[in-house]
Undergrad: 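Structure in structure tokens, see below.
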Amino acid sequence: MINPMELTGKKILVAGAASEIGLAIITQLRQLGAKVVSLDKPEGNHLKILRNSESDGTVFYTFDIYENALIEPNLNQIIKECGVFDGFVYCAGIGGVRPLSFTKGSFISEMMNANLYSFVEMVRCLSKKNSLVNGGSIVAVSSVSSIKGLKSKTAYCASKAALDASVRCMAAELSGKKIRVNSILKGWVESDMKKDFIKNNMDLNENDDFKKQVLGVIDPVEVANTVAFLLSNATKTITGISLILDGGYTL
Amino acid sequence: MINPLDFTGKQILIAGAAAGIGKETAILLSRLGARVLLIDINEDGLKEAASCLEGSGHHLFCFDLSELNEIEPKVKEIVLSHGPIDGFVHCLGVRCRRPLSMITPKVLNEIFSLNFGSFLELVRCITKKNNFNEGLSIVGISSVSSQKGGMSVTAYAASKAAMDSAVRCLAKELASKKIRLNTVVPAQINTPAYTSFLKMNAGIEDETLSRQYLGMGEPIDVANVIAFLLSTSSKFITGSSIPVDGGFLSS
Amino acid sequence: MTNKDKIRLIEDALELGQNTINEDTLLGDIHGYDSMARLTLIVLCDDEFNKKLTGEQIREFKTVKDILDFMG
């Protein structure tokens, strides 16, 4: 039986691995036959990943991925040790709820830095060193916030919209090397519901906003499946798109 | 005969008024009876623009809008001296061509500070209590790049997508204060910024002009739509991005 | 900055291996010397040397030396 989504022989770099979604992605990619190199800040679920990495062959690097000056030297080291990649997944980033009146420069910078600048810098470094094979695939995990107007989420929404715009441009610019670049617009994921800034702001988040997802709250595995789909040969002609994965939220 | 675009008695703030679309908008609004408050970093340009205005009660402010921390005191000063604002138009930004390989975090941050940061900070300050009159309308200048991918415009496109997204959010967040926000989305317009942009064209295929089948746009084409969005004629329009693109996006 | 350093900067910006080009190299002979490469050099001249090179000017350049001379 064919398996159009298999990733045997592919080496994928996953940035932001030490999160619920990151873990789900690493697991799914491994089960589809890929070799995974993961990276994240040294906090969160990183210990879990470290413990597993010996047994399942995942290589794990840690550094402050939002510290832009550290990205180039660290990626160069990773490329030296691991070789070229067939795919790159950016599932890092931060969320945040803040009304306009408190949305000052420093908060915007923090949001843009984690959700856009780090992504652009990583792709810049990977493509500059030719460490993504021709025909490779890049997937950024964005959000439906990119296209919806939401109260108190101006900076977050703007950062995700900027991320998607950069994905479209990179798709045009890297097309010469047949590298595909796409993003996923995810809705409410199960793991979101556990986050403090979400729980503490249910009023602002319009309390039952997540009920708009008629198909229910999303399991991280679904995000992983969609990432794998975009990394695989099944999507060889898909580039520059933002794939909505939202259980009907934007209907 | 009625004139739905009569701005008599209204005070409109225009950031980036020394040239191009900003200058044309200032002139148009002055001809429609508005008092215009013009901000730009270019003193000579400001004076030149002022000499083209009709009517009286206009004022010029020369300062650097990329210094985000200086915006709050400046807006306070302007409102103290001249009263609350009825409309705000943001017409400044860096428009540059840069391949991904040259978009370092520092450069990206600079572009974002000017294109997006100044927009958000000005909106944040102007929409504080007592700084605006009921019916305040805000217009930002986006770009077709916000929605379409292109080569060498990643940073610019991302900053414009951020603006469109922020406008969607703020339209919702500030609706209770009866404030409307929208963006205009131009394709290629005949301005000094476009001329410099062209100078950097080292042969990159720019099919924008051929796809905007109504030909090259003029600043007045965009100014007309901005005036409409600032007026009471558009009081049910908010959170939207209106193309002024000679058909580009639809072709 | 010496011409050697400038050449190194160009090789880096255009993702060429070290010592693959010299002053006399014809731009047209450089692997992958397309419009994006030209734009990269325009941005390089601005960032590193504060010199504004236009698209029209760079299209007139024939050799690497033309660029080095422009950089000043």
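Each chain gets a letter, A, B and so on, in the order the sequences are listed, and its residues count up from 1. Predicted model only: the values in this text are computed from it and were never measured.
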Undergrad: Quick check on the interface: out of A/Lys104, A/Lys128, A/Lys148, A/Glu72, who has the most heavy-atom pairs with chain B under 4.5 Å?
TA: A/Lys104
Undergrad: Counting N and O atoms only, with roles assigned by atom type, does the side chain of B/Ser165 sit under 3.5 Å from a partner on the main chain of A/Cys157, one being a donor and the other an acceptor?
TA: yes
Undergrad: At a 4.5 Å cut-off on heavy atoms, which part of B/Ser113 comes close to chain A: side chain, backbone, both, or neither?
TA: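 No part of it gets close to chain A.
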Undergrad: Quick check on B/Phe116 against chain A: is it the side chain, the backbone, both or neither that has a heavy atom closer than 4.5 Å?
TA: side chain
Undergrad: Using a cut-off of under 4.5 Å on heavy-atom pairs, state which of A/Ser118, A/Ser146, A/Ser109, A/Gly240 scores highest against chain B.
TA: A/Ser146
Undergrad: Quick one: which of B/Ala166, B/Ala155, B/Gly117, B/Cys125 has the most heavy-atom pairs under 4.5 Å with chain A, could you say?
TA: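 The option with the most such pairs is B/Ala166.
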Undergrad: For atom CZ of A/Phe102, decide whether the heavy atoms of other residues, nucleotides or ligands shown that lie under 6.0 angstrom number more than 12.
TA: no
Undergrad: Any idea which of B/Ala161, B/Gly239, B/Ala162, B/Ala175 has the most non-hydrogen atom pairs under 4.5 angstrom with chain A?
TA: B/Ala162
Undergrad: Is B/Ile71 in contact with chain A via its backbone, its side chain, both, or neither, using a 4.5 Å heavy-atom distance?
TA: neither
Undergrad: Would you mind checking which part of B/Ala171 comes under 4.5 Å of any heavy atom in chain A, side chain (CB onward), backbone (N, CA, C, O), both or neither?
TA: neither
Undergrad: Would you find more than 12 non-hydrogen atoms of other residues, nucleotides or ligands less than 6.0 Å from B/Lys76 atom NZ?
TA: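 It does not: B/Lys76 NZ has 12 such atoms or fewer within range.
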Undergrad: Looking at B/Glu134, I'd like to know if its CD atom is crowded, meaning that more than 12 non-hydrogen atoms belonging to other residues, nucleotides or ligands lie closer than 6.0 Å.
TA: no
Undergrad: I need the minimum non-hydrogen distance between A/Thr154 and B/Glu173, along with the two atoms involved.
TA: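 Result for this residue pair: OG1-OE1, 3.8 Å.
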Undergrad: Less than 4.5 Å to any heavy atom of chain A: does that hold for the side chain of B/Thr154, its backbone, both, or neither?
TA: both
Undergrad: Report, as yes or no, whether the 6.0 Å neighbourhood of atom NZ on A/Lys177 holds more than 12 heavy atoms from other residues, nucleotides or ligands.
TA: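 Enclosed.
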Undergrad: Is any residue of residues 158-172 of chain A within less than 4.5 Å of chain B by heavy atoms, and which ones?
TA: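 A/Ala158, A/Ala161, A/Ala162, A/Ala165, A/Ser166, A/Arg168, A/Cys169, A/Met170, A/Ala172 fall under the 4.5 Å cut-off.
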Undergrad: Supply the atom-to-atom distance B/Leu120 CG to A/Ile108 CD1, rounded to the nearest 0.5 angstrom.
TA: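 Atom-to-atom, B/Leu120:CG and A/Ile108:CD1 are 4.0 Å apart.
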Undergrad: With rounding to the nearest 0.5 angstrom, report the CG to NZ distance, B/Leu170 to A/Lys153.
TA: 14.5 Å
Undergrad: Under 4.5 Å from any heavy atom of chain A, what part of B/Lys148 do you find: side chain, backbone, both or neither?
TA: backbone
Undergrad: Roughly how far, to the nearest 0.5 Å, is CD1 of A/Ile71 from OG1 of B/Thr104?
TA: 11.5 Å
Undergrad: Given a strict heavy-atom distance threshold of 4.5 Å, which part of B/Asn109 is in contact with chain A: side chain, backbone, both, or neither?
TA: both
Undergrad: Can you tell which of B/Cys169, B/Gly149, B/Ser145, B/Gly150 has the highest number of heavy-atom pairs within less than 4.5 Å of chain A?
TA: B/Cys169
Undergrad: Got a donor-acceptor contact below 3.5 angstrom from the B/Arg168 side chain to the A/Ser145 backbone?
TA: no
Undergrad: By side chain to side chain contact (heavy atoms under 4.5 Å, CB included), which residues pair with B/Ala18, not counting sequence neighbours?
TA: B/Asp40, B/Asn42
Undergrad: Count the heavy-atom pairs under 4.5 Å between each of A/Val123, A/Leu100, A/Asn68, A/Leu116 and chain B, then report the option with the highest count.
TA: A/Leu100
Undergrad: So which residue, B/Thr127, B/Leu174, B/Ile103, ends up with the most heavy-atom pairs under 4.5 Å with chain A?
TA: B/Ile103
Undergrad: Between atom OG of B/Ser101 and atom CZ of A/Arg124, what is the distance when rounded to the nearest 0.5 Å?
TA: 7.5 Å
